[in-house]
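Structure, as structure tokens:
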Amino acid sequence: MLRGDVLAALPRVAYRRQVMAVRMGKRQIIAVNDPEVVRDVFITRAANYGRKSHFKEQALQPVIGKSLFANHGEIWTTRRPPIGRLLHPSGVGRLQPLFQQVGAQLAARWAGLAGEGGLVDVAPDLATATLDVMLLAVFGPGVPEGEARAIAEAFTRFQSQVQVIDLPYLLGLPNWLAGRHKRATLRAAAEIQARIAGLIAMLPGEEGYLGGLRALKDEDGQPLLDETGLLEEVAMLLLAGSETAANALAWTLYLLSTHPEWQDRVREEVFGLLGERAPEAGELNALVVTKAVIQEGMRLYPPVAVLARQPLAPDRIRRWTIQPGDTLLCIPWLLHRHEAIWEHPHAFHPERFLPENAKAIPRFAYLPFGLGPRVCAGAAFGMAEMTTFLAMLLQRFDLGPGPVPVPRFRLTLRPEGGMRLLLRPRAAVGPAAANGPPALP
Ligand code: HEM
């Protein structure tokens with residue numbers, strides 16, 4: 001845990017426990033692993049648990065500063081509602097051409113690589129593609145080529161270096177010792193911020209979220225975000241909106257590579273509805289199998305595998321007392337695999353998420369987008385983007401497994417050292433193309 005490998009530190013019994021507490025140095029860490037307690041803390045008592053925790057704040061600070069994601073109090077209260085409206089699901093449909101365009105570019109790139117018949121590390125390309133989407137959504141057209149790859153690489157360097165557990169803080173050492181970062185972490189963060197500042201200065205961004213962020217006003221009619229605020233909120237959107245989706249897709253492709261029968265089911269649905277073309281916004285809801293596969297992918301590998309909070313006032317959770325300096329964890333990785341809640345918790349069974357079975361999903365036990373007032377503001381965006389990408393990729397490739405990937409949770413749940421898969425371009429259209437004549441005319 002102190003090395004920052006939170007998931008590897010979890011004992012086997014954690015998959016059956018409801019609440020666990022551990023004292024480390026001067027601080028206590030309490031993990032809630034029971035849906036009722038999760039609901040109680042994140043919804044009923046949300047006002048006391050608005051703070052994202054010292055650990056998350058200090059880990060994210062070099063890139064996103066005081067942005068709403070890692071903040072509480074006035075900054076969160078004034079920024080979350082208007083930024084939530086900018087990202088509202090009703091506006092996501094107009095981004096569909098972006099999802100299609102970037103999905104097609106990704107497929108074309110992989111067709112070139114896969115043509116060589118080898119394994120392809122899909123992780124960096126997915127990070128670049130999802131960042132490409134976010135850059136276009138924020139800045140509109142005009143983002144220089146190569147920018148997405150450069151920022152995605154800097155994010156990767158940042159994540160691999162960043163200290164997620166702050167030991168001096170746990171030990172209760174003075175503030176000036178806590179919250180310090182390695183030089184490499186700060187260098188990667190500075191590069192990300194400099195690139196984003198360059199884009200903000202260069203592009204009007206009227207067609208994207210940047211224009212919307214610039215136009216936000218406070219109650220006196222003054223701009224809500226000054227220059228720093230704008231930079232930090234843009235950095236937050238780029239990070240929150242790309243890393244998560246890229247990792248969810250990487251793990252979903254991996255699961256599909258080891259479950260060819262589910263590849264067939266997705267293709268059957270996609271070819272049946274769309275043939276060879278990309279989905280339109282109005283068609284995404286009909287891709288129920290494709291979506292169920294993504295939802296099951298995020299159950300087994302939740303991109304935000306740990307949610308952290310710090311109480312503002314002392315509180316009691318079951319028989320434990322939690323103090324303001326302590327940390328509360330809700331670990332979707334555990335909750336999603338809880339052995340008393342899920343049937344076959346560690347197995348890939350996307351049928352759980354098909355509409356006819358959805359009622360059986362236990363409430364407050366499936367939280368890929370978090371819950372309560374701080375629930376993900378971009379969930380509809382993320383689902384539309386991932387569904388479009390997955391449909392387009394399975395139209396073009398058969399997936400085969402590569403080396404077994406190792407999950408590592410830093411800020412998101414990444415495959416340690418990448419995700420290498422066998423990508424075989426499909427010669428003809430149709431669900432059964434690989435094994436016989438195409439089923440569609
Ligand atoms: C697969 C895709 C995504 C996943 C799994 C995901 C997951 C999450 C989770 C779990 C949280 C809550 C964290 C916490 O409570 O500690 C969150 C917050 C947030 N997400 Fe996402 N996210 C995704 C995509 C996006 C996208 C595409 C955007 C923007 C376009 C976005 C914007 C945000 C914002 C602004 C917050 C902060 C909300 C707040 O603190 O009030 N997310 N996300």
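Whatever order the structure lists them in is the order used to number ligands and atoms, beginning at 1.
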Worksheet item: Can Met383 be said to touch ligand 1, with heavy atoms closer than 4.0 Å?
Response: no
Fill in: Carboxylate-amine/guanidinium contact Arg149 Asp125, below 4.0 Å
yes
Worksheet item: What pairs with Arg79 under salt bridge (charged side-chain N to carboxylate O under 4.0 Å, His left out), at least two apart in sequence or on another chain?
Response: Glu233
Worksheet item: With a 4.0 Å cut-off, would you call Arg267 and Asp398 a salt bridge?
Response: yes
Worksheet item: Is it true that the side chains of Gln310 and Glu57 contain a donor and an acceptor less than 3.5 Å apart?
Response: no
Discussion item. If you measure every N or O of Arg374 against every N or O of ligand 1, does any of those distances drop under 3.5 Å?
Written reply: yes
Worksheet entry | Nearest-0.5 Å distance that lies between atom CG in Leu87 and atom OH in Tyr209 | 5.0 Å
Response to the item:
When rounded to the nearest 0.5 Å, the distance separating CG of Leu394 from CD of Glu268 is 13.0 Å
Item to complete: Determine whether any heavy atom of Trp76 lies closer than 4.0 Å to an atom of ligand 1.
Response: yes
Item to complete: Provide, to 0.1 Å, the distance between atom 14 (C) of ligand 1 and the closest protein heavy atom, together with that atom's residue and name.
Response: Lys52 CE, 3.4 Å
Worksheet item: For atom 5 (C) of ligand 1, what's the nearest protein heavy atom and its distance?
Response: Pro368 O, 3.4 Å
Practice prompt. For Thr130 and Glu385, test the side chains for any donor-to-acceptor distance below 3.5 angstrom and give the result as yes or no.
Written response: no
Fill in: ligand 1 atoms in contact with Pro303 (distance to a heavy atom under 4.0 Å)
5 (C)
Item to complete: Tell me whether the guanidinium CZ or amine NZ of Lys291 lies under 6.0 angstrom from the six-membered ring centre of Phe353 and within 45° of its axis.
Response: no
Practice prompt. Answer yes or no on whether Arg337 is positioned over the face of Trp333, meaning its NZ or CZ is under 6.0 Å from the six-membered ring centre and within 45° of the axis.
Written response: yes
Worksheet item: About how many Å separate CZ of Phe42 and CZ of Arg309, when rounded to the nearest 0.5 Å?
Response: 4.5 Å
Discussion item. Show me which atoms of ligand 1 lie under 4.0 Å from any heavy atom of Leu307.
Written reply: 10 (C), 13 (C), 14 (C), 15 (O), 16 (O)
Response to the item:
Among Arg80, Glu385, Lys56, the residue with a heavy atom nearest to atom 39 (C) of ligand 1 is Arg80
Discussion item. Closer than 4.0 angstrom, basic N to acidic O: yes or no for Arg265 and Glu351?
Written reply: no
Worksheet item: Do Phe348 and Tyr301 pass the ring-ring contact (aromatic ring centres under 6.0 Å, His included) test, and can you show the C-alpha distance, the side-chain angles, and the key distance before you say yes or no?
Response: CA-CA 11 Å; Phe348 182 61; Tyr301 296 95; 9.4 Å; no
Discussion item. Any nitrogen or oxygen of Arg309, side chain or backbone, less than 3.5 Å from one on ligand 1?
Written reply: yes
Practice prompt. Specify the protein heavy atom at minimum distance from atom 1 (C) of ligand 1: its residue, its atom name, and the distance to 0.1 Å.
Written response: Met386 CE, 3.4 Å
Worksheet item: Which ligand 1 atoms does Val375 reach within 4.0 Å, using its non-hydrogen atoms?
Response: 38 (C)
Item to complete: Would you mind finding which of Tyr209, Phe381, Phe42, Phe69 brings a heavy atom closest to atom 27 (C) of ligand 1?
Response: Phe381
Worksheet item: Is any NZ, NE, NH1 or NH2 atom of the basic residue among Glu232 and Lys66 found under 4.0 Å from an Asp or Glu carboxylate oxygen of the other?
Response: no
Response to the item:
Within 4.0 Å of some non-hydrogen atom of Met236, the atoms of ligand 1 are 35 (C)
Practice prompt. Examine ligand 1 and decide if any of its atoms is less than 4.0 Å from a heavy atom belonging to Met134.
Written response: yes
Response to the item:
Ignoring waters, protein N/O/S atoms under 2.8 Å from atom 21 (Fe) of ligand 1 are Cys376 SG
